Amino acid sequence: MAIDPVGLEIIWSRLTGILDEGAAQFVRTSFSPLVRDSNDFAIVVTDASGRALGQSSLSIPSFIGTLPASVKAFLDRVDSRTLTPDALYVSNDPWFGTGHIHDATLIAPIFMEGALQGFAAIAHHLPDIGGRIRGVGNRDIFEEGLQIPLTRLHGDGRSNDELIGMIERNVRTPAQTMGDIWAGASVCNFLRRRLAEFLPDYGLTLTEIADHLIERSASALAGKIDEIPDGEYYHETFHDGFEHPIRVACRVVVSGSRLAIDLTGSSPQQPFAVNVVPAYAKAYLAFALKAVLDPDLPNNEGLFLPLSVDAPRGCIFNPDYPAATGARAMMGHMLVPAFMCALARALPHNVVAEGAGVSVILLSGETEGRPYNATNFVTGGQGASAAADGMDAICFPSNLSNSSVEIIERQAPVRVHHRRLRKGSGGRGAHRGGDGIEFELECLDEAPVYCSLIMTRAKIAPLGLMGGEAGKCAEIWLNNRAVDFSDQFRLMRGDVLTILTAGGGGYGQPGRAS
Amino acid sequence: MTGRTDMRAKEIAIDIGGTFTDGIALDRASGRLVVAKVPTSRHNPREGFLACLEELLRGSGFQSFSTVVHGTTLVTNTLIERNGSPVALIVSKGTEDALAIGREFRYDLYDLHQRRPEPLVGRDAIVGIPSRLDKHGESVSEITEGELEALGETVARLGIDTVAVCLLHASVNPRHERKVRDYLLSRFPDLRVSLSSDVSRAVREYERMSTVAANAYVVRRVEDYLDLLDGSLRDRGLNGHFRIMTSSGGFTSLDAAKGRPIELLESGPAGGVLGAIATATDLGISRILAFDMGGTTAKACVAVDGRAPLTELFEVDRVQRFKKGSGLPVMVSAIDLVEIGAGGGSIARANARGSFQVGPESAGAAPGPACYGKGGIEPTVTDADLALGYLDPDDFLGGSFRLDRAAAQAALAGLGERLGLDTVRAAVGIVALVNENMAGAARQHIAENGLDPRSLTLVATGGAGPVHAVEVAATVGIERVVVGTSPGAGSCLGFLGAGGRTERLRPSDRRLDELDWRELGDWIKKAESEAAEELVKGGLRRKDVTTAIEANMRYAGQGDGLWVALDKEMLARRDVAAMARAFEAHYASIFGIVIPNTRVEVATWRLAAHGPGARVTARSPSPAPEGGLSAEPGTRDIYSPARDAFVSAAVWRRDALSPGLRLTGPLIVTERETSTVVARDAEVEVAPDGALIVTLG
């Protein structure tokens, strides 16, 4: 059935509106500071075969790619003929879902007049999932917390109370963790209701709408890929690693309107929580592709069609169970600069140099008689581009906000001495890299504060592009001494933790206009 | 909001907008209303004010007035044009870069080259002081005399005579901030000092710092402006009460406005919502969606029983006007309206979906829509409205200039060609899309406030509002539309109807079972008397001022709360169970669920003081007899979306319609500033005061 351009635009605008309304509702009802301060969640609607039609605008890049993959995996495992209209499934399996067990993925079928139309799905970072605190030091998934394989949470008019009891028994904050799952469930129901109101106005199925939207996005993206000269482009970059640096090898093969990325040559999976499941790797590469080629392209399945990503089994980007993945962002985010630097030769004006990435400071313990578990993000300098200096202290490629000093001090027994720009840390260049941050806190309590750092760029600096210089490396000090942060450590009263994040790489030779 | 009215009152309202300064004068005894409009004097807004006032005095025959209510865009313009005064910012040591760092997020996920809004204060004028409070507001290191003296030296060296202060945890305890202020004022009496704890009591230092910096940045301009204006009025022997409109939809006194000018930021839009409320109240309608559509943006806001929802955080001077997060955050109470880039000038352009979108780019006043014939070549909403028969090319803005139909057709044809649509289909599409955008934003706003669209009446204002209102209402599911008697003078009508309003906030962050009732009681008493005092200075009688307590409540662990009105008896009884029930009822009405096994906490307390507003009854003189007509209608073919065809519509002049008249659509009612378009079979009734009431079938 044909849809005219106006009809298509109205459908698109309504669909986005419904998803954003669901997102606003979720932010307001969530118990997780990561959801409300950092938008660490996403909502998508797919058709009956799991193809994404659209997603909430306020989302971080990873879930955009993982949610439709989850729906497809769901369809492989669950016979859709057995689904009831009120069914709701949950999982935090990293390979099924978002790449670490700290996110719940909820999937709800959408029925209309007895027929399966599609799915609403939401992924969100949970307040707590038990286990040790999130950190790079966890060596396998069993240390990371409670695993929930794909399970029905609700259906046939009743909830799965055994599962709920099981979750509540295994997490530190049962009311909040379940509160967030119920908040997600209520968003799924909201989406069902709204879609049921809107679809009949157009007499179209979600599959028919998907055909149109996907085809448009895919062909627009294919057209842009076609403009890149055919050939092989390669870049490798290194993460600090632990005993040894970890290699990120990114080979991009452009042929006509298709773009294939091969991650072969990257390091093998690690006995640390830095392993990246394939869906997460592909999500960040799809993000980078869109940002470089066509930032305004609508997010749907079409973005993935001209793109293929390969990584051999056992590679850090395709790890085997029971690999630990809690700090997957540390490696996954590096795929974006790796991809951009590979394409820099072909598209020098579209890319940015390597940047600092985002670091995470997790603090947990008990104070004033209550447990706490606080997550704080600290960013660094962004890489420079042909057009401009890199931004100072900005989250890239993810998009997480910092917490206010006043909030940090309320969440954990610490005092923040300073959070300021690390002047001169960005690499020099025709355009200089952005500056990182200097952040320092002091432990105030007699009881220990357990600290886990997910830090990047402490040994290997973000490189410049086109003759631009590297940014400064990150530094971490405990009472002015180097600290081993490959596992969690304790802060005692009076201990001072100092973190300097990396500056971004410069672009072009210093002193020259690019 | 409506209270007793002093029948001897002679009242004036003046609103300075971007293009025009509007005013109205109302004689309560006779109910006579006089309207004036003069161009805004961009560089000296006082001139426009005084010219408007002269015109009002002349037209009304007033020798003096009892009150003048004033709203101005001065604060917004000063922030956008960056022509405020240099500010020295005093902060806790370690947070000197907070304005430069912000929240570290990107407002556009995919734009690799975005830039941040430029902070109002540069790093060289930011001074850190070592004294420090902890999260409970207790002193970790006290401010010393030496520290204050050093600070004094620094301020003297900077040579800046306007200071903002934002210290960590000052929202819990403002004592250190006040010490800094008292010291600086004792040493430099001519300094102006703004404290973060005076402009906002919210937690989060970056947003509070941004707010107090903005306040300080505009404080001298606003003070100079208001003092000169006040002087000019007194020179003319005009000694009535001078009241200033704020963003939260109430007026405050001159002194309060001078100290906290940042509260004036959104007074115009707030007045627009109040104007819609006044129009509805006159008709006995209590649940509305105020809908305003101008040249560049459309705004929508719900109001129930005369009250619109408030927000405590919004943005000013965005790098990208419609991108959330790209502006400077300001944390003061403001009417929580939704604004989108949809207006008469919004441009339609092809996009990557193989379709096209309307807005947010606008052709503005220059070059304007293609049909203005001023060089615009891209099709806009106004061009589409013209092509579909909604506008009369010879009678636009009272015939002050002719619209060029051929130019509109050419622009529409250009877009249509790229998409395989003829001119008419392109125009139909533009109108459908812009209506959809506005309906979508309105629908979301209505849902966020827990309301059912079918219970609301849409009140349309602005030049393009009545043209699009009926179809927008139909798309949202609203069944009644009202167009008041002066849809262009909405803000001023709102100003006159406005009551006094001010508030005091206090952070709490305590569970209901942990509240410190004695401390709360003391605060309420103090806040009540302060807030009432402020309104008394604005000319209200103490006994007319009422106060109400609201709590921002949430489940322990959530970030965002909901404002819940609590009656004072409930508090006196310390009835936490009733407070929890009030919260859960409100929560369920908005989110459809309650969370089991979780405790409820109060994030923030609010004491709001209100003074009565006055009902504004505007009567439009009509030459026609009751229920009759003074002229026969014309006819024109207009496009009806409901029938997907052009239909013949009667075209009435507004001043030819008299109260009590009932008509049936399709029809158009024209007046100088706008046209009311009813492109479907709806009933139209002329209310006793001249308002049009459209009931959708």
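Residue numbers begin at 1 in each chain, while the letters A, B, ... track the order of the sequences. Quick caveat, the model's predicted, so the values are computed rather than measured.
Neither the backbone nor the side chain of B/V358 comes within contact range of chain A, judged by heavy atoms closer than 4.5 Å. Only the side chain of A/I437 comes within contact range of chain B, judged by heavy atoms closer than 4.5 Å. Looking at B/R208, only its side chain comes within 4.5 Å of chain A, counting heavy atoms on both sides. Neither the backbone nor the side chain of A/I214 comes within contact range of chain B, judged by heavy atoms closer than 4.5 Å. For A/R193, no part sits under 4.5 Å from any heavy atom of chain B, backbone or side chain. Within the 4.5 angstrom heavy-atom criterion, only backbone atoms of B/A556 (N, CA, C, O) approach chain A. Both the backbone and the side chain of A/E21 come within contact range of chain B, judged by heavy atoms closer than 4.5 Å. Using a 4.5 Å cut-off between heavy atoms, A/F190 does not touch chain B at all. Heavy atoms closer than 4.5 Å to chain B are found nowhere in A/N300, neither backbone nor side chain. Contacts between B/Y587 and chain A at a heavy-atom distance below 4.5 Å involve the side chain alone, from C-beta outward. With a 4.5 angstrom heavy-atom cutoff, B/A348 does not touch chain A via any of its atoms. The contact between A/S398 and chain B is made entirely by backbone atoms, counting heavy-atom distances below 4.5 Å. Neither the backbone nor the side chain of A/F439 comes within less than 4.5 Å of any heavy atom in chain B. When heavy atoms are compared at a cutoff of 4.5 Å, B/D108 does not approach chain A at all. With a threshold of 4.5 angstrom between heavy atoms, B/I430 does not approach chain A through any atom at all. Both the backbone and the side chain of B/Q114 come within contact range of chain A, judged by heavy atoms closer than 4.5 Å. Using a 4.5 Å cut-off between heavy atoms, B/K93 touches chain A through its backbone atoms (N, CA, C, O) alone. Using a 4.5 Å cut-off between heavy atoms, A/L400 contacts chain B through its backbone alone, with no side-chain atom that close. Within the 4.5 angstrom heavy-atom criterion, atoms from both the backbone and the side chain of B/A432 approach chain A.
Residues meeting the side chain to side chain contact (heavy atoms under 4.5 Å, CB included) test with A/A388, sequence neighbours left out: A/S385. In this view, B/D513 and B/R599 satisfy the salt bridge (Lys or Arg N to Asp or Glu O under 4.0 Å) rule, not counting sequence neighbours.
Between chain A and the residues B/L421, B/T598, B/V203, the most heavy-atom pairs under 4.5 angstrom are made by B/V203. Residue with the most contacts toward chain B among A/L297, A/D392, A/V292, A/L8: A/D392 (heavy-atom pairs, distance under 4.5 Å). When A/V416, A/D435, A/D294 are compared by the number of non-hydrogen pairs under 4.5 Å with chain B, A/V416 comes out ahead. Heavy-atom pairs under 4.5 Å with chain B were tallied for A/E438, A/Q382, A/K290, A/H417; the largest tally goes to A/K290. Among the candidates B/T95, B/V140, B/D111, B/L562, the residue making the largest number of heavy-atom pairs closer than 4.5 Å to chain A is B/V140. Note: B/E205 leads B/R554, B/R116, B/E205, B/R425 in heavy-atom pairs under 4.5 Å with chain A. Chosen from A/R410, A/E215, A/Q176, the residue pairing most often with chain B at heavy-atom distances under 4.5 Å is A/R410. Note: A/R415 leads A/R415, A/H418, A/Q25, A/M391 in heavy-atom pairs under 4.5 Å with chain B. Contacts with chain B were tallied for A/N402, A/I407, A/V6; A/N402 has the most, counting heavy-atom pairs under 4.5 Å.
B/R204 places no side-chain N or O within donor-acceptor distance of the main-chain N or O of A/S403, the cut-off being under 3.5 Å. Using a distance-only test at 3.5 Å, with no hydrogens or angles considered, no donor-acceptor pair links the side chain of A/D20 to the main chain of B/Q444. The closest donor-acceptor contact from the side chain of B/R103 to the backbone of A/S401 lies at 3.5 Å or more, if one exists at all.
Between B/E448 and A/R28 no salt bridge is recorded (no basic side-chain N to carboxylate O distance below 4.0 Å). Classification of A/R419 and B/D97 as a salt-bridged pair fails, no side-chain N sitting under 4.0 Å from a carboxylate O.
Defined by atom type and a distance below 3.5 Å, a donor-acceptor pair is missing between the side-chain atoms of A/N399 and B/Y107. Inspection of the B/E104 and A/T379 side chains reveals an N or O donor paired with an N or O acceptor under 3.5 Å.
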Apply salt bridge (Lys or Arg N to Asp or Glu O under 4.0 Å) to A/E9 and B/R349, showing your working. CA-CA 12 Å; A/E9 192 63 21; B/R349 279 185 193 148; over 6 Å; no
Give the C-alpha distance, both sets of side-chain angles, the deciding distance and a yes or no for salt bridge (Lys or Arg N to Asp or Glu O under 4.0 Å) between B/E436 and A/R14. CA-CA 8 Å; B/E436 177 63 32; A/R14 269 232 197 150; 2.7 Å; yes
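Note that the CG atom of B/L433 and the CH2 atom of A/W12 stand 14.0 Å from one another [nearest 0.5 Å].
Here the shortest heavy-atom pairing between A/V352 and B/L112 reads CG1-CB, 4.2 Å.
Against chain B, the residues from residues 180-188 of chain A that qualify, each with a non-hydrogen atom under 4.5 angstrom away, are A/W182, A/A183, A/S186 in number order. Residues of residues 126-134 of chain B that come closer than 4.5 Å to chain A, counting heavy atoms only, are B/R132, B/D134, ordered by residue number.
Put simply, the residue from B/H136, B/K135, B/H169 that forms a side-chain hydrogen bond (donor to acceptor under 3.5 Å, both in side chains) with A/E409 is B/H169.
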